[in-house]
Amino acid sequence: MVTQYAFFFNAAACSGCKACQMACKDRNNLEPGLLWRRVYEVAGGGWEKKGEVWVPSVVAYNISMACNHCEKPVCGLSCPVKAIWKREDGIVFVDTDRCIGCRYCEWACPYTALRFNATTNTVSKCDFCFEAVDAGGPPACVAACPQRALDFGDLAELRKKYGETRQIFPLPDPSLTDPALVIKPHRDAARAAERAAEVANWEEV
Amino acid sequence: MLKEWPLVAFTIVGQMAVGVYLTAFFPWALLAVVFPASAGPPPDGATQGLRIALLALVFALLAAAALVSFFHLHHPFRARYVLSNLRSSWLSREILFELGFMAFVALGVFLTWRQPTGVGLLNAVLALAGLMGIMFLVSMSKLYMLPAAPAWNHAYTPLSFIMTALALGAMATALLIDILAGGRQIFGYLLLLSFPLVGAKIIFSLFLTPGHGIYGSRSGPSLRPPAETPRLLHLGRLTLLTAGLVLIGAAIIARDVEFRAATGSGVSGLLAVAFVLVLASEVAGRFLFYGLLTRPGR
Ligand code: SF4
Ligand code: SF4
């Protein structure tokens with residue numbers, strides 16, 4: 001039995017096509033401006049001198065990120081009305097019939113996974129496509145990725161398959177929430193901070 | 001940033017209520033509970049009226065803060081659930097302490113008005129109200145000190161909230177006392193107290209304001225878009241605070257001169273203008289505070 005559903009993201013394989021983002025919007029019928037999964041374009045670097053030679057030091061990769069259904073969901077711990085709850089299989093849900101729309105959880109989540117939904121006047125976020133998953137299928141984002149850069153499953157299984165990494169630049173310190181996330185880093189990620197890389201598409205995400 | 005106006009109003013007015021209470025009642029009530037001999041004789045009619053007015057002001061400020069906080073909820077009718085998560089949510093705790101503070105202040109008004117034979121019960125209620133007020137301030141600070149929000153998870157947050165409470169509280173108390181019962185010595189003490197409080201506020205803001213202060217906090221890697229708080233807000237806040245400080249200084253000097261010359265009072269006028277300036281600086285500072293943490297999306 002699954003005790004903690006999780007996402008896997010392969011940053012080395014992601015081309016930044018945003019099919020996952022659009023599949024999520026489509027499946028959940030999200031209004032313009034509301035994104036439950038977002039693709040961050042990380043860019044930086046330029047040229048650096050090695051001996052007498054100038055070589056490119058460009059950093060460029062993408063991170064596809066939704067709610068990480070954290071093992072320590074600080075969103076729910078901070079919600080005053082207990083509108084955020086965790087199912088036995090680890091999926092974290094927002095109860096839109098209970099949420100008062102105070103938007104405090106938006107500040108508490110370091111992944112900015114909670115987004116205000118003007119239709120329900122509550123916060124909203126990825127629900128792991130629980131209906132599809134309960135029926136034995138994959139979440140829409142995983143199914144849509146042409147690069148097979150996304151996967152899902154039990155956190156312990158994903159760790160066995162892909163390793164233990166759960167943070168690359170500029171993701172926050174994972175000890176804050178214990179995200180149910182496994183990442184295969186892009187080769188540029190290790191030097192992104194020292195090359196002053198930044199998210200290049202803030203307007204979009 | 002501007003859409004956070006209900007939170008700006010709630011925090012400033014709530015903190016001012018705590019400040020009025022802490023400067024006008026809490027130390028004396030606590031002293032009377034711990035050392036009953038220091039309680040002194042029961043108050044005369046005028047002092048009793050003044051106490052009721054000050055307590056009523058605290059209650060009114062708290063009620064106004066509570067009312068305005070509803071404007072920040074998108075489902076205000078569900079607010080009845082807000083105490084559900086006292087175990088882990090500082091937001092639930094903040095509301096609990098605000099309600100507790102209001103309840104004890106209301107009881108304080110009742111007991112002051114009815115004047116029971118012994119003042120022990122009244123002092124105990126007033127001391128408890130003060131503790132609730134302090135916890136209200138503590139929980140208000142804690143709820144913003146989120147590990148996910150480095151700009152707020154900083155000594156600046158509690159320091160600035162405490163200084164706002166004390167500076168606005170001392171000035172508001174002095175003004176009310178002057179309006180209702182001019183000539184009291186306590187007015188002079190509160191006027192003198194306002195000067196270092198506003199001065200300290202200027203120093204904290206200058207040095208510690210996240211993103212703007214001389215010792216600004218460095219932001220780490222983040223998925224939150226960078227803050228776009230206009231520098232003008234910081235400069236405007238400092239200017240208003242400095243102008244307020246100058247006027248308080250002028251009021252202190254004017255009071256000294258008036259005492260010697262035994263003329264009428266322009267002191268409270270100066271203090272009133274200083275109060276408005278300091279209040280305006282708080283509004284600018286609080287918008288800046290909320291602007292530090294952007295909300296991606298809508
Ligand atoms: S990613 Fe954010 S919203 Fe999702 S469970 Fe973790 S803390 Fe909560
Ligand atoms: S916005 Fe809703 S889910 Fe988030 S903290 Fe407020 S009540 Fe809880």
Side-chain angles (χ1 to χ4, degrees), chain A residues 31-36 38 40 42 63 65 74-84 96-118 120-124 167-173 175-177 192-193 197-199 201-205, chain B residues 3-4 6-7 10 69-96 98 139-140 142-153 157 218-228 289-298:
Chain A
E31 64 187 39
L34 178 57
L35 292 172
W36 287 356
R38 302 157 307 278
Y40 295 84
V42 184
I63 299 179
M65 183 69 20
V74 292
C75 51
L77 294 173
S78 61
C79 172
V81 301
K82 288 191 177 166
I84 300 178
T96 50
D97 290 330
R98 193 171 171 93
C99 171
I100 55 176
C102 68
R103 305 186 67 178
Y104 181 45
C105 50
E106 282 181 54
W107 285 329
C109 169
Y111 296 95
T112 70
L114 287 144
R115 300 292 170 115
F116 188 70
N117 183 339
T120 57
N121 263 331
T122 65
V123 292
S124 66
Q167 198 260 344
I168 56 172
F169 181 89
L171 300 186
D173 177 354
S175 69
L176 297 179
T177 66
E198 283 172 17
V199 171
N201 62 335
W202 284 125
E203 292 77 12
E204 198 182 1
V205 292
Chain B
K3 66 184 170 202
E4 307 296 358
L7 289 179
F10 170 77
S69 71
F70 277 89
F71 287 93
H72 128 89
L73 303 180
H74 290 82
H75 284 285
F77 292 112
R78 296 179 189 166
R80 61 186 184 279
Y81 303 132
V82 86
L83 298 180
S84 319
N85 201 4
L86 292 171
R87 250 177 91 170
S88 66
S89 171
W90 278 105
L91 186 45
S92 278
R93 293 170 192 163
E94 178 200 45
I95 303 304
L96 175 77
E98 193 202 357
S139 48
M140 206 189 273
K142 286 289 288 178
L143 83 86
Y144 290 105
M145 295 175 76
L146 295 161
W152 290 348
N153 194 11
T157 301
R218 279 245 223 116
S219 56
S222 170
L223 287 184
R224 202 173 284 284
E228 284 171 4
F289 177 82
Y290 286 109
L292 290 171
L293 212 70
T294 46
R295 294 182 193 271
R298 302 168 71 114

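Numbered from 1 within each chain, the chains take letters A, B, ... in sequence-line order.
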Considering only heavy atoms and a distance below 4.5 Å, find which of [options] pairs most often with chain B.
options: A:Leu171, A:Val199, A:Thr120, A:Val81; result: A:Val81
options: A:Glu203, A:Glu198, A:Arg115, A:Arg98; result: A:Arg98
options: A:Gly101, A:Pro80, A:Ala83; result: A:Pro80
options: A:Asn117, A:Leu34, A:Asp97; result: A:Asp97

Out of [options], return the one with the most heavy atom pairs under 4.5 angstrom to chain A.
options: B:Ala148, B:Ser89, B:Pro6, B:Pro147; result: B:Ser89
options: B:Ser69, B:Pro225, B:Pro226; result: B:Pro225
options: B:Ala79, B:Ser222, B:Gly297; result: B:Ser222

Quick one: closest heavy-atom pair of [X] and [Y], and the distance?
X: B:Leu292; Y: B:Ala151; value: CB-CB, 4.1 Å
X: A:Ser78; Y: B:Leu91; value: O-CB, 4.4 Å
X: B:Ala227; Y: B:Gly291; value: CB-O, 3.5 Å

Sorted by chain and residue number, the salt bridge (charged side-chain N to carboxylate O under 4.0 Å, His left out) partners of B:Glu4 (sequence neighbours excluded) come out as B:Arg295
Check whether [X] gets within reach of chain B through its side chain, its backbone, both or neither, counting any heavy atom under 4.5 Å.
X: A:Val74; result: neither
X: A:Ala118; result: side chain
X: A:Ser175; result: neither
X: A:Tyr111; result: both
X: A:Leu77; result: both

For [X] and [Y], indicate whether the former's side chain and the latter's backbone hold a donor-acceptor pair under 3.5 Å.
X: B:Asn85; Y: A:Cys79; answer: yes
X: A:Arg103; Y: A:Thr122; answer: no
X: B:Arg224; Y: A:Thr112; answer: no

For residues 71-81 of chain B, the side chain to side chain donor-acceptor pair (under 3.5 Å) pairs (sequence neighbours left out) are none
Residue [X] versus chain A: region with a heavy atom under 4.5 Å:
X: B:Tyr290; value: side chain
X: B:Leu7; value: side chain
X: B:Leu146; value: side chain

Assign the ring pair B:Trp152 / B:Tyr144 to parallel, tilted or perpendicular, where the plane angle (0 to 90°) is split at 30° and 60°.
perpendicular
Value for CE (B:Met140) from CD1 (B:Ile95), rounded to nearest 0.5 Å, stands at 8.5 Å
